[in-house]
Amino acid sequence: MTNVVITGTGLFTPENTIDNDALVATFNAWVDAENARRAEAGIEERLAHSSTEFIVKASGIHSRHVLDAAGILDPERMRPRLRERGNDEASIQGEMGAIAARQALAHAGVAAGDVDLVIVGCSNLERPYPAVAVELQALLGAGGYAFDMNVACSSATFAMETAANAIRAGNATRALVVNPEICSAHLNFRDRDSHFIFGDACTAIVLERDDLATAEARFEILGTRLTTRFSNAIRNNAGFLNRVTDADPQALDKLFVQEGRRVFKEVCPLVAALIGEHLQALGFSGDDLARMWLHQANRHMNDLIARRVLGRDPAEGEAPVILDRYANTSSAGSIIAFHLHRDDLAPGALGVICSFGAGYSAGSVVVKRV
Ligand code: CO8
């Protein structure tokens, strides 16, 4: 069978950062203004303040990178302000994708023209068509074919399986998987339960047929396993039918909405079982893992999943955490962890990249350092 290897990764990190204190100050300023409005209107129900202490304790998040901080931190606006691109300009996701992709290609020592599959996978695409992936293919000068896909936070691992299968089937030789996540654009910064959760970033991964790869450092994909189970606990009702159902496009259900505690309880066992069963099917166990690059939503979730898979507390660095400074970047999270925390692994070391989120969906990619 054709072996598929990961030979390069890239990461675009927006320059702007917002720490918890700044985010909470804006939120609380808006709450005070809103409560004053309510008092004036004779409405009894009052909104509660947010707090940095809660955010750190509940999630492990300290700060996040965003494409635009000023719009988010303006209590009158509380959403990013991004310039609309003309049809003759690169789209925002195309631009982020090109930066991350060029880094990944340089890392892999692959010319863009030798790529024959580009998959853009993310939680929200800035337009339905033409596919951002096809635009990115043109921006990079890649060949072959390209398409977009969306499996929310699991988009990267689902796209990796798709790319690996295309390479194994002989339909592609070198693939780029790109995850441009602009989470700040679909987050309700006036929702106390979730205003702190997300950040923006874009990752890129190069996958190649092993016999064609030239990069010295490679990670062979030993197997992929995906699972989905329908749930409304994480939902976003924005869609092209909003216009014809006369739904209010500004209604809050057209943004990210979740029952966080329920997600925590239901997703952790699902993910731990997925990784455990996947390892077993490949003839391994948790004891064989040198590293777990987990989806970055919540520090406690990752600790719990790692503990269940390994059968003990993870040692420092065994399940690297990047959400402290990136927050949840949806599908980019596990790939950022992989991008930043893999070079120290010795040949033969085994690891798992695992993402999970809305759907529910979860994907496991078991890799071996070659
Ligand atoms: N400040 C202070 N107190 C607060 C705040 C706040 N900001 N928010 C809530 N509280 C209070 C609550 O009111 C509650 O008070 P009380 O006990 O008096 O009722 C108390 O704190 C506890 O509240 P919770 O039970 O909600 O808190 P948790 O400990 O459960 O923590 C979390 C909340 C951090 C959200 C946690 O539940 C969590 O991380 N869950 C998992 C979430 C997750 O992984 N979701 C996956 C989403 S990602 C995904 O699938 C991709 C979607 C597409 C991307 C979308 C981009 C925008």
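Numbers here are sequence positions counted from 1. These values consider heavy atoms only, across backbone and side chains, with no hydrogens, waters or symmetry-generated copies. Order of listing sets the numbers, starting from 1, for every ligand and every atom in it. In this text the structure is predicted, and so the values were computed from the model without any measurement.
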Contact check: Gly260 vs ligand 1, nitrogen or oxygen atoms, below 3.5 angstrom: yes
Are there protein heavy-atom neighbours of atom 10 (N) of ligand 1 below 4.0 Å? yes
Flag atom 17 (O) of ligand 1 as yes if some protein heavy-atom distance to it falls below 4.0 Å, otherwise no. no
Among Met301, Glu181, Gln296, His186, which one puts a heavy atom closest to atom 56 (C) of ligand 1? His186
Is Arg299 atom CZ crowded by more than 12 heavy atoms from other residues, nucleotides or ligands, each under 6.0 Å away? no
Nearest non-hydrogen atom to atom 48 (S) of ligand 1 belongs to which of Cys153, Ala185, Ser184? Cys153
Arg77 atom CZ: more than 12 heavy-atom contacts under 6.0 Å: yes
Should Ser50 be counted as touching ligand 1, given the test is an N or O pair under 3.5 Å? yes
Compute the centroid of each ring, for Phe27 and then for Phe189, and state whether the two points are separated by less than 6.0 Å. no
Which one holds for Asn328 and ligand 1: side chain close, backbone close, both close, or neither close, with close meaning a heavy atom under 4.0 Å? side chain
Can the positive tip of Arg261 be found less than 6.0 Å from the middle of the six-membered ring of Phe264, inside 45° of the ring normal? no
Among Gln258, His195, His300, closest by any non-hydrogen atom to atom 43 (C) of ligand 1: Gln258
Can you tell if the side chain of Tyr129 reaches within under 4.5 Å of the side chain of Val134, non-hydrogen atoms only? no
With a heavy-atom distance limit of 4.0 Å, tell me whether Ala358 approaches ligand 1 through its side chain, its backbone, both, or neither. both
Classify the side-chain pair His186/Ser123 by whether it contains a donor and acceptor separated by less than 3.5 Å. no
Heavy-atom distance to atom 36 (C) of ligand 1: which of Thr329, Asn298, Val263 wins? Asn298
Taking all heavy atoms of His278 and all of Ser364, pick out the closest pair and write down the distance. ND1-OG, 2.7 Å
Minimum non-hydrogen distance to atom 44 (O) of ligand 1, winning option of Ala58, Ala233, Ala48, Ala297: Ala297
Can you check whether a protein heavy atom sits less than 4.0 angstrom from atom 14 (C) of ligand 1? no
Do Thr7 and Arg174 pair up side chain to side chain, a donor and an acceptor below 3.5 Å, judged on atom types alone? no
Does atom 39 (O) of ligand 1 have a protein heavy-atom neighbour under 4.0 Å away? yes
closest protein heavy atom to atom 6 (C) of ligand 1 is Phe54 CD2, 3.3 Å
